[in-house]
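Everything on this sheet refers to the single structure shown next.
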There are 2 protein chains.
Amino acid sequence: MPTSRLDPIDRKILAELQADGRMTNVELAKRVGISAPPCLRRVRTLEEAGFIQGYHAKVDSRELGFEVQVFAMVGLQSQAESDLSKFEQRCRDWPLVRECHMLNGEVDFILKCVAPDLSTFQSFLTGQLTAAENVASVKTSLVIRCAKDEPGVPFDVLEERLNRLA
Amino acid sequence: MPTSRLDPIDRKILAELQADGRMTNVELAKRVGISAPPCLRRVRTLEEAGFIQGYHAKVDSRELGFEVQVFAMVGLQSQAESDLSKFEQRCRDWPLVRECHMLNGEVDFILKCVAPDLSTFQSFLTGQLTAAENVASVKTSLVIRCAKDEPGVPFDVLEERLNRLA
DNA sequence: TTCTACACGCAATATTATTTCGTCACCCGG
DNA sequence: CCGGGTGACGAAATAATATTGCGTGTAGAA
């Protein structure tokens with residue numbers, strides 16, 4: 001499946017499932033304007049091709065008792081690829097770290113962390129993150145509140161872009 | 001319904017649905033060890049109580065042609081609540097901004113942005129974000145690669161915490 | 001034109017979701 | 001100690017959905 005160029009129906013499917021990942025296939029088919037069987041086939045194809053990487057319930061952290069969210073900016077001593085990889089692997093192993101992105105600029109990584117309370121985070125910060133091999137600097141910022149959180153892609157921008165290309 | 005504390009089955013439901021939001025209810029019921037009807041009732045309750053805020057397909061940005069991801073650190077001139085709210089509303093209106101978090105420390109907000117290409121982002125940055133009312137400073141960092149991206153809550157940490165309380 | 005490839009949709013079947021209802025355990029007041 | 005109320009469970013029936021199988025139409029290539 002090389003030329004996986006997406007047609008408007010595929011894009012609409014992605015947009016709908018991004019907005020509501022538990023929509024039934026019949027409802028989805030109705031919205032994108034085809035019948036259920038081909039709609040399901042398209043969804044399966046999109047999953048297998050990697051356009052859809054999975055489905056997840058969005059769970060409220062604070063309701064669950066994770067009151068602390070923190071962004072941590074991390075600088076390393078060595079930026080050799082093997083050292084970068086080692087640090088990334090450590091991040092994958094730390095459950096409190098939910099996201100780890102490598103950046104350009106003065107900071108090497110930005111991490112999004114969660115914790116049940118401040119002391120849990122502090123002990124992670126001083127005992128694990130700052131203490132980890134090759135870590136040169138860590139600057140943290142507590143999240144006071146979240147004004148927007150919409151993972152994924154803005155499909156309306158995608159539409160505009162495709163129109164410009166046409 | 002005040003703070004309806006969650007029992008171990010509820011927590012397992014949340015963990016399973018966070019990992020796979022399209023799991024069928026029968027499969028879910030099997031995994032958490034109860035039959036389908038009460039399992040479905042619990043899920044509905046968790047949704048209505050806000051523990052589950054929604055379900056979303058995870059769509060691959062790069063595959064879709066959004067090659068650019070950027071973190072933007074924004075400082076404002078005024079931190080009066082009305083000015084903060086105005087800025088947050090603007091962020092909600094900008095489709096390229098996917099997340100907007102208010103922080104403590106020297107930086108007021110961190111934004112996660114996506115764009116189809118660098119020039120689209122640049123024009124957003126200079127034409128919209130930096131130019132917006134009350135914005136004092138913007139520092140951006142391109143995401144080079146993503147080592148981990150697991151939205152939500154680490155349920156194993158939650159287990160530990162509850163065990164400590166017991 | 002004719003063949004092939006591909007995607008569609010109808011209809012049949014298999015799974016799943018949802019409702020209904022009877023049972024049981026727990027808790028509280030008498 | 002004993003009803004009576006409450007809440008959650010699970011079995012079974014029903015409704016809805018997912019999935020398969022197949023016949024049809026259309027676009028592109030020979």
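Order of the sequence lines sets the chain letters (A, B, ...), proteins ahead of strands, with each chain counted from 1.
For the pair His56(A) (side chain) and Gln18(B) (backbone), a donor-acceptor distance under 3.5 Å is present. The backbone N or O of Leu76(B) lies less than 3.5 Å from no partner atom in the side chain of Asn134(B), so there is not a single donor-acceptor pair.
Using modelled atom types and a 3.5 Å distance limit, the side chains of Ser85(A) and Gln89(A) yield no donor-acceptor pair. Looking only at atom types and distance, the side chain of Gln79(B) has no donor-acceptor partner in the side chain of Asp83(B) under 3.5 Å away.
Residue Arg41(B) has its side chain nearest to dC9(D) when only dA17(C), dC9(D), dT19(D) are considered. For Thr24(A), the side-chain atoms get nearest to dA18(D) when compared with the rest of dA18(D), dC8(C), dT19(C). The Arg22(A) side chain lies nearest to dA17(C) when the options are dA17(C), dC9(D), dT20(D). Of the candidate nucleotides dA17(C), dT19(D), dG10(D), dG10(D) has the atom nearest to the side chain of Pro38(B).
Atom CG in Asn25(A) sits about 12 Å away from atom P in dC8(C), given to the nearest Å. The separation between Tyr55(B) atom OH and dA17(C) atom P is 11 Å, rounded to whole Å. Between the CD atom of Glu47(B) and the C1' atom of dT18(C) there is a distance of 14 Å, rounded to whole Å. If you take CG of Leu6(B) and P of dA8(D), they are 13 Å apart, rounded to a whole angstrom. Straight-line distance from the CG atom of Leu46(A) to the C1' atom of dA7(C): 14 Å, rounded to whole Å.
Dashed line: the shortest gap from a side-chain N or O of Arg42(A) to OP1 or OP2 of dC8(C) is under 4.0 Å. Applying the 4.0 Å criterion to OP1 and OP2 of dT18(C), one finds that Arg44(B) has a side-chain N or O inside that range.
Base contact: Ser35(A) has a heavy atom under 4.0 Å from a base atom.
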